[in-house]
Every structure is written in C-alpha cells, then in structure tokens.
J.: 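Mind having a look at this structure? Questions to follow.
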Amino acid sequence: MIIGYGNELRGEDGFGVEVIRKLQFLTPKDIKLISAFCLTPELILEMLDADEIIFVDACYDEENHYALACSILKNGSNLSHHIQPQILMALMRDVYEKKVDYSIYSMLTCNFEMIEDTQKYYKCIDKVTSFLIV
Amino acid sequence: MKTIIIDPVTRIEGHAKITIDLNEDGSVEDARLHVTQYRGFEKFCEGKIYTDMPALTARTCGICPVSHVISSSKACDTLLSVTPPKAAINIRKIVNLAQIIQSHTLNFYHLSSPDFVYGFDAPKEDRNIFKLMQTHPKMAKDGIELRAFGQKIIESLAGKRIHPTGIIPGGVSNILEIEVKEKLLQEIPRAMKIAQNTLKYFKENLHKFQKEIDSFASFSSLFMAIVGEDGSLEHYDGVLRFIDSEGNILNEAIDPQNYKEFIGEAVEDDSYLKSPYYKPLGYPQGMYRVGALARLNVATKCGTPLADEELKNFKALGRGKPVQNSFYYHYARIIEIIYGLEKIEQLLRDEDTLSENIVARGKINVSRGVGCSEAPRGTLFHDYQVDSNGIIEKVNLIIATGNNNLAMNAGVKQVAKAFIDPANITDGALNRVEAVIRCFDPCLSCSTHALGIVSSQIELRDHHKKIIKIFARN
C-alpha cells in the first residue's frame, strides 16, 4: 500500500498526491494506492489489509529544498486530524494488533503556498515514482 | 485587573485564544473567546462564476465541506429557479446526514471522550485520543469505525470523503447504484449498535459531571434551527424557527431567503468571528444558540422511532422548557447520530432515490439566492448575489459556529467564574474553560472561513488588560 498525502492547493504540500497520481498508471494491481489530504485514524481500517506500507509526503525543512529523504521523523502531534505516519502505525500495532513494515518518502521543502521551482519539483516526483516502481 | 489567556485552545477545529480578565480584587471579571484567524472567502469569491461556488466554498473546511456544498448548491438552485428531482434531494439529504454522523463522532470520540473517560482534572498528557486508544481500545475502534462509515457514505454518493464534488447546482452528478445502496444498508446495523453503545456509555457516566452540567454555558437563551413543516427535526430544508428560553415559538416559519430580517451580524474588534444575533431583541440581548442542542429543543419530534424514544428522555431534562445546559450538546449529538442512521436507512430504501433523474437544468433567473441547511454545528447560510451572467457580485456567509459566538463567550465567562481561582490556577480549571467551547464543537476554520489549525492559548490579564501570564495549550 502506498499512501500519498497533502493538499494540492498548497503548492508543494501536494507532493504525495502527485506521486500517487503518477503511480496509478505504473504499479501492479496488488499495490493499493491511496491519496488523502491528511492522515486520519480512519485510514487504519484500510491499512489493515496491507503487507507493507509506504507513505509519501512533503516535509518541512528550511535548508534542504527539493532533497529527497526517507523515514524522516517529525514531531508527534495530538491533533485530531493532522497525525503523522508513526502515530498511525503505532495505533495499528497497539489497537488492532497488526504490525507491518513501513517507510516514509519525503521531499524536503519550506514552501507550502506554491510550487517554487516547477522543474525541480517534478523531477522529485519522477525520482520517487521511479524508485517506488523498481 | 489581571488577565488569564488560554492560547491556543486545544481539541477544537481552528485557532483561538481565550482571555480571562481579573478585577482589582483578583477575582474573574470577564472572559472572552478570540478567534484569531482570517481567510476572507466572502471577498475572494467575488468575480467567480456561480457554478464554481459549491466546490470553492467547500474548501472552507475539511470537516464539514458537505454542508458548504449543500448550502451553496441550494443557493444556486434558487438563482436558477429550479427544484432538484426527488432522487437528487434524497441523495443530498443522505450525504448531509452522513457528514453529521462523522462530524459528531469526531467530536465525541476524538475530541471530547478523553474528558469523559479520564475526567477534567486528569493529567493533560492523558487527555487525548491516543491515550484512549491505549486504555479503551474498543471504544477507540468504535469511534474510528463509526466515523469511517459516515465518510464511506459521503465517498460512495458524492465522490470524495473530503471536499466531495457530486453535489451540484440543480441536483447531484451521480445516480445511486443499487449495489452501493445494498452495501451501505448492510452496514447500518453495525453502525447503529456502536451509536447505541455510545449513548449508553454517555448516560451511565453523566452523573460524574453534574458540576460541569450546571456551569458549562448553562443559561437562558434563544434557540434557532430549521424544522420541517410539521415542526420535526430537519437538516436539509425547511423553515427557520426561533424559540425563547421558555419554549415559546417566537417566529413560526421564517423563509430562510428572508433571514436578514431576523438575524443581524455584529463585529467585535477582538475577534474575526462575527456575532450574529436575533434582530428583534437587538445586540447582544438577541443571543441565540444553534446546533444539535438547539435542533432538539426547537423540534417537536425527530420522526424516526429510536431517536424519538431518546428525544423524550432528552426533553425531560428541561422539565417542560428547552434544555439550557450546553453540556447536553454531547447528548444531543449522540441522539442525532442515531437519527441520522435511521433516516439514511429510510432514504436508501426509498425507491425514488434510485431514479436516474438527478439534475434540473436552468439558467440564471433571479439575481439573489440564499441556501440554508443544518450543518453539524448549526444553521448555515450561503447568500449570493449575481449578475445576469451568473458572476458572483456579493457573498454573505453565516456559519454555524458564528451563530453560537455570543453564547460561547457567555459560556467561557460562566466557567471561568466557576472554576478559575487566580491564586491557584489548575490545569483542570483551564481545561474546563476550553471544554465549554468543545461543547459547542466550534469549527473556527469554517466560521472565519480561515485556515484550520487546531490549537489554543489562554491569557491572564490584570485590570489594566496587561498580560501577566500566558498558558500555551498545544
């Protein structure tokens, strides 16, 4: 299962959703693709079917724009509908007693209002997409 | 005068702070809720074509976009002077009720249940949904499942869980497939079981919160809601009804198109949230409440068996008058979840809902249209003025949460006076000041049409309004 999340109206925040859009023509049928504005606890019900989960999103970083990173740890949050992959995975493990491997692919950016450099942005999308289909 | 500031206010939708002003002898003199975000939808919608409005205004909120889509589409129906076919109306009603189910579930399980389970004085690190998932996994699973069911209905009938696109001017864009209908009907009994367990849990634990029931925005006020022609609970369409604190009907059947004759909108300089009031009584005496508590106070019946049975118990709390305790918003929301499930089942079983006639076409026939519906948090108005080409010239939005602004402020003040001891400010007391806001389940992102950030702050100010302490709550 690959979950890309973000808001396309907020520029580079939509990175994860763009990757999912591209992957839907390239991935085999046994890989379930989900795009979402944000991660919510209800997603766990779909995640229970997965053997492995990959999260794709944009990650705030003031210095390293358009760098790609894996398993970036972010600050946890107790918000109702803005939660991080680690929290969802912990809930799946503790509440639903299911543990699966997961990883997080992030594009680093500090721009959540617009796409600052279209060329670099789409290059990042291509890179992550290519990496995931391999 | 000293001031306590709660900033940010937590476990609500949106960004707000609370100030608590102390007088010279150190006791609480006043308390106010300040909504500190702004985005200005009413202004930037100007110049857009009316057909864009449902999708555009849905972006006001990620929790209750369906309400905006529905009120917006209804305003557009009026501009076109068309009545959507029955199948379209039924589908709109189902989607609207599904959103009420998922939103009420969000409030109960994700935002408020930690207070019910652990108490208002529990350590703040324990008062969250994640702790609940550790200690009460079944309850947490129930909340996730019930909310997911509401979202599934929205996705199945309107295209997407968030910001659905299937509701359009004149009707809806997709027919209800029989397979979808059958699948949803199969899941209703399970959802109803969860809803009834929720009701049972809430009622069994109510006795623990008598002090909060008595002091959480517990006062006389007017109530406003949409009702059906027979006075029954209604969320999609009907007439506006105001009642007073004795239960007297002030206005029997206001056409929502004429809302401006009865509702004024005041602006305070310390908040981006407008303060609507009942015009005949003036500002601020015309304070009224909306939302689940108001709907059940205003309606004479629900019109579905299980909800009507529970409505009797709810109304008994008021001893012949409207229920004035805002803590019972939680109770009213659970009854509405039960009602929503019953009503959705009725609408799905209605053969007309499967009809392929789902949209009425038209062109701009009038220059002004008002769309009004009951959102999870109360009555929502979309008021558009267009030119002959359908270009938006003026927009006015009255959002459910805004209707409750005066009551929320009065509630914050009441709770601050009851629980805040300036010499010994406990976290439990600050939590209660926030919790009274959570009773109303405000959606500040919606109400100011602003960006949603869930956070809050409480500021303590002296009698010169100088900040002497800030309690960051996030």
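In the text below, chain A, chain B and the rest are named by the order of the sequence lines, each starting its count at 1. Owing to the predicted nature of the structure, the values given are computational and were not obtained by experimental measurement. Because only heavy atoms are used, hydrogens play no part in the values below, and waters and symmetry mates are left out as well, while side chains stay in.
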J.: Roughly how far, to the nearest 0.5 Å, is CG of A/Leu91 from CD1 of B/Ile144?
T.: 6.5 Å
J.: Look up atom CG in A/Asp94 and atom CE in B/Met133, then write down how far apart they are to the nearest 0.5 Å.
T.: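 These two atoms lie 10.5 Å from each other.
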J.: Restricting to side-chain hydrogen bond (donor to acceptor under 3.5 Å, both in side chains), what partner residues turn up for B/Asp121, sequence neighbours left out?
T.: B/Arg432
J.: State, with a plain yes or no, whether a side-chain heavy atom of A/Asn7 is found less than 4.5 Å away from one of B/Arg59.
T.: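 The answer is yes, as the side chains (C-beta and beyond) meet within the 4.5 Å cut-off.
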J.: Please report the interatomic distance CD(B/Gln102) to CD(A/Glu42), rounded to the nearest 0.5 Å.
T.: 7.5 Å
J.: Counting only pairs under 3.5 Å, give me each side-chain donor-acceptor contact of residues 22-30 of chain A, with atom names and distances, residues two or more places apart or in other chains.
T.:
residue : atom : partner  : partner atom : Å
A/Lys22 : NZ   : A/Asp126 : OD1          : 2.2
A/Gln24 : NE2  : A/Arg21  : O            : 3.2
A/Thr27 : OG1  : A/Leu23  : O            : 3.0

J.: Does a sphere of radius 6.0 Å around NZ in A/Lys98 hold more than 12 heavy atoms from other residues, nucleotides or ligands, not counting ones at 6.0 Å or beyond?
T.: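 Buried by this count: over 12 neighbours within 6.0 Å.
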J.: With rounding to the nearest 0.5 Å, note down the distance linking CG in A/Leu9 to NE2 in B/His163.
T.: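 Answer for the CG-NE2 pair, A/Leu9 versus B/His163, is 8.0 Å.
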J.: Evaluate the side-chain proximity of A/Leu45 to B/Phe149: yes if any heavy-atom separation is below 4.5 Å, no if none is.
T.: no
J.: Is the count of non-hydrogen atoms from other residues, nucleotides or ligands lying under 6.0 Å from A/Phe131 atom CZ greater than 12?
T.: no
